[in-house]
Trainee: 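Structure below; questions to follow.
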Amino acid sequence: MRRTAGNVAALAVAPYLLIKILWTLGLFVPTEEMGGADWRAINAATALLAAVGITLAMAFSRPWGNRLPAWLVALPVWVGTGLLVPMLLLAPVLGPAAMNRDQAAGAPDFWVYEQILVMISLVGAGVGLPLALLGYAKERWPEALGGPLDCGEPQGSSRALQATTAKLLAVGCVLLGAVKIYWAAGGTLGIDPDRLDGRDVWWHLLTLSTGVWALAGAWGLVALTTRRGSRRFLPPMGAAWVSSGMLFAYSVYNLLTLTDMQQPAPEHPLAAAATREIGAVLGVLMGIVILMVLHDRGRVLRGDDTRPGQRVTAGQL
């Protein structure tokens with residue numbers, strides 16, 4: 001499964017990479033504005049991300065991937081899962097919505113086919129990469145996937161700091177999630193009155209998705225650090241991992257796409273900037289707490305100065 005999923009993901013991302021390279025070169029762009037320098041720079045950056053995704057898919061499914069430095073794998077995986085997993089869940093609705101919106105704006109017919117290829121690539125990567133990653137992580141980092149939530153605590157653990165930090169971050173996630181869900185439900189506080197018509201299906205779904213994942217991340221992070229709220233380790237770990245990656249990745253992506261040809265965001269500029277920057281900061285800090293949790297968990301599984309009490313070995317996961 002690991003090899004098959006990696007190959008599927010690499011093949012699925014290939015059309016996306018090709019399209020982004022063509023757009024970077026100014027070929028087959030839907031509108032004249034998209035041939036500008038700002039859009040070419042964005043397409044070059046996303047082409048680089050696609051190339052990284054193909055490389056990761058190969059690394060997950062082949063023995064040489066186990067020899068890569070941990071940070072070189074974990075960082076792009078964190079960003080990539082944050083981008084792809086939430087989008088995968090929304091793809092059946094967002095894909096047609098995006099094509100209808102672009103056709104209404106006067107985009108040529110070939111743009112529709114390009115959009116279909118992009119959505120196929122995103123869905124293929126969103127399914128294949130996580131499956132390949134599961135097999136890869138199970139072999140290389142078993143402490144990150146299986147076992148009970150509470151498997152003991154090593155000497156000198158930073159659990160108290162983790163729990164305090166997680167609760168503070170959870171408050172921020174809940175506030176951000178509440179704002180996003182309020183906007184998605186039709187709330188207008190913080191929305192520019194002159195841009196109310198800009199709240200289309202695409203905007204509503206992405207805003208709702210951000211709010212829901214922020215709340216999920218708050219639960220996951222608190223559960224990881226307090227050892228309460230779940231019997232198994234994987235559910236809160238997965239929620240916190242995807243949530244933190246999404247908050248960071250989408251904040252950075254929204255910052256990169258602030259170009260002159262973009263349709264103005266419905267949010268007031270100050271509200272948009274505040275939620276974007278807060279999301280990025282929350283995502284990074286959540287990621288740091290997750291690394292602290294995994295560090296302590298790994299010490300327990302290796303038996304490094306573990307305190308008396310429950311302990312689970314890697315072979316039992």
Trainee: Cluster question for you: counting only ILVMFWY and a side-chain heavy-atom cut-off of under 4.5 Å, with indirect links fine, are L247 and W78 together?
Mentor: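 Same hydrophobic cluster.
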Trainee: Any idea which heavy atoms bring G279 and S251 closest together, and the distance?
Mentor: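 Smallest heavy-atom distance, with atoms named: C-OG, 3.6 Å.
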Trainee: Residues in ring pair (Phe, Tyr, Trp, His ring centres under 6.0 Å) with W141, at least two apart?
Mentor: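 Y136.
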Trainee: Identify the heavy atoms of G128 and A5 that sit nearest to each other, and give their distance.
Mentor: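 Distance-wise, the nearest heavy atoms are O-CB, 3.4 Å.
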Trainee: For T226, which residues count as a side-chain hydrogen bond (donor to acceptor under 3.5 Å, both in side chains) partner, sequence neighbours excluded?
Mentor: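 Result, side-chain hydrogen bond (donor to acceptor under 3.5 Å, both in side chains) vs T226: none returned.
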Trainee: By ring pair (Phe, Tyr, Trp, His ring centres under 6.0 Å), which residues pair with Y250, not counting sequence neighbours?
Mentor: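 Residues passing ring pair (Phe, Tyr, Trp, His ring centres under 6.0 Å) with Y250: none at all.
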Trainee: In terms of hydrophobic clusters joined by side-chain contacts under 4.5 Å, are L176 and V284 together?
Mentor: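 The answer is yes; both residues are in one hydrophobic cluster.
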Trainee: In the single-linkage hydrophobic clustering (I, L, V, M, F, W, Y; side-chain heavy atoms under 4.5 Å), do V212 and L169 co-cluster?
Mentor: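 No.
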Trainee: Out of curiosity, does L282 fall in the hydrophobic cluster containing L175 (side-chain heavy atoms, cut-off under 4.5 Å, transitive links)?
Mentor: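 As far as the 4.5 Å side-chain criterion goes, L282 and L175 are not connected within one cluster.
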Trainee: Within the side chain of H268, is there an N or O that forms a donor-acceptor pair under 3.5 Å with the backbone of I191?
Mentor: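 Looks like no, no N/O pair under 3.5 Å.
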Trainee: Output all residues satisfying side-chain contact (heavy atoms from CB on, under 4.5 Å) with V174, sequence neighbours left out; order by chain, then residue number.
Mentor: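 V174 satisfies side-chain contact (heavy atoms from CB on, under 4.5 Å) with L215, A218 once adjacent residues are dropped.
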Trainee: Can you see which heavy atom on M237 is nearest to which on L224, and at what distance?
Mentor: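 That closest heavy-atom pairing would be N-CD2, 3.8 Å.
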Trainee: Apply ring pair (Phe, Tyr, Trp, His ring centres under 6.0 Å) to Y16 and list each qualifying residue two or more places apart in sequence or on a separate chain.
Mentor: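 Partners of Y16 under the ring pair (Phe, Tyr, Trp, His ring centres under 6.0 Å) test: none.
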Trainee: Under 3.5 Å, which donor-acceptor pairs link side chains of residues 47-65 to any protein atom two or more places apart or in another chain?
Mentor:
from, atom 1, to, atom 2, distance (Å)
T55, OG1, A51, O, 2.9
S61, OG, A57, O, 3.0
S61, OG, M58, O, 3.3
R62, NH1, N7, OD1, 3.3
R62, NH2, N7, OD1, 3.3

Trainee: With the threshold set at 4.0 Å, does a side-chain nitrogen-carboxylate oxygen contact exist between R2 and E139?
Mentor: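 Answer for the salt bridge query: yes.
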Trainee: If every non-hydrogen atom of T275 is compared with every non-hydrogen atom of K180, which pair is closest and at what distance?
Mentor: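 Looks like OG1-NZ, 4.0 Å.
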Trainee: Could you go through T165 and L285, starting from their C-alpha distance and side-chain angles, then the distance that decides it, and tell me whether this counts as side chain to side chain contact (heavy atoms under 4.5 Å, CB included)?
Mentor: CA-CA 9 Å; T165 305; L285 294 179; 5.8 Å; no
Trainee: Please check this pair: side chain of R299 against backbone of D296, looking for a donor-acceptor N/O pair closer than 3.5 Å.
Mentor: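 Not at all, since once roles are kept as given, no pair shorter than 3.5 Å links the two residues.
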Trainee: In Å and rounded to the nearest 0.5 Å, what is the OG to CD1 distance from S121 to I19?
Mentor: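 That separation rounds to 6.5 Å.
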Trainee: If you take all heavy atoms of M286 and S243, which pair is closest and at what distance?
Mentor: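 Minimum heavy-atom separation between M286 and S243: CE-OG, 3.7 Å.
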Trainee: In terms of hydrophobic clustering (I, L, V, M, F, W, Y; side-chain heavy atoms under 4.5 Å; direct or indirect links), are I181 and L90 co-clustered?
Mentor: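 No, it is not one cluster - the side chains of I181 and L90 are not joined through contacts under 4.5 Å.
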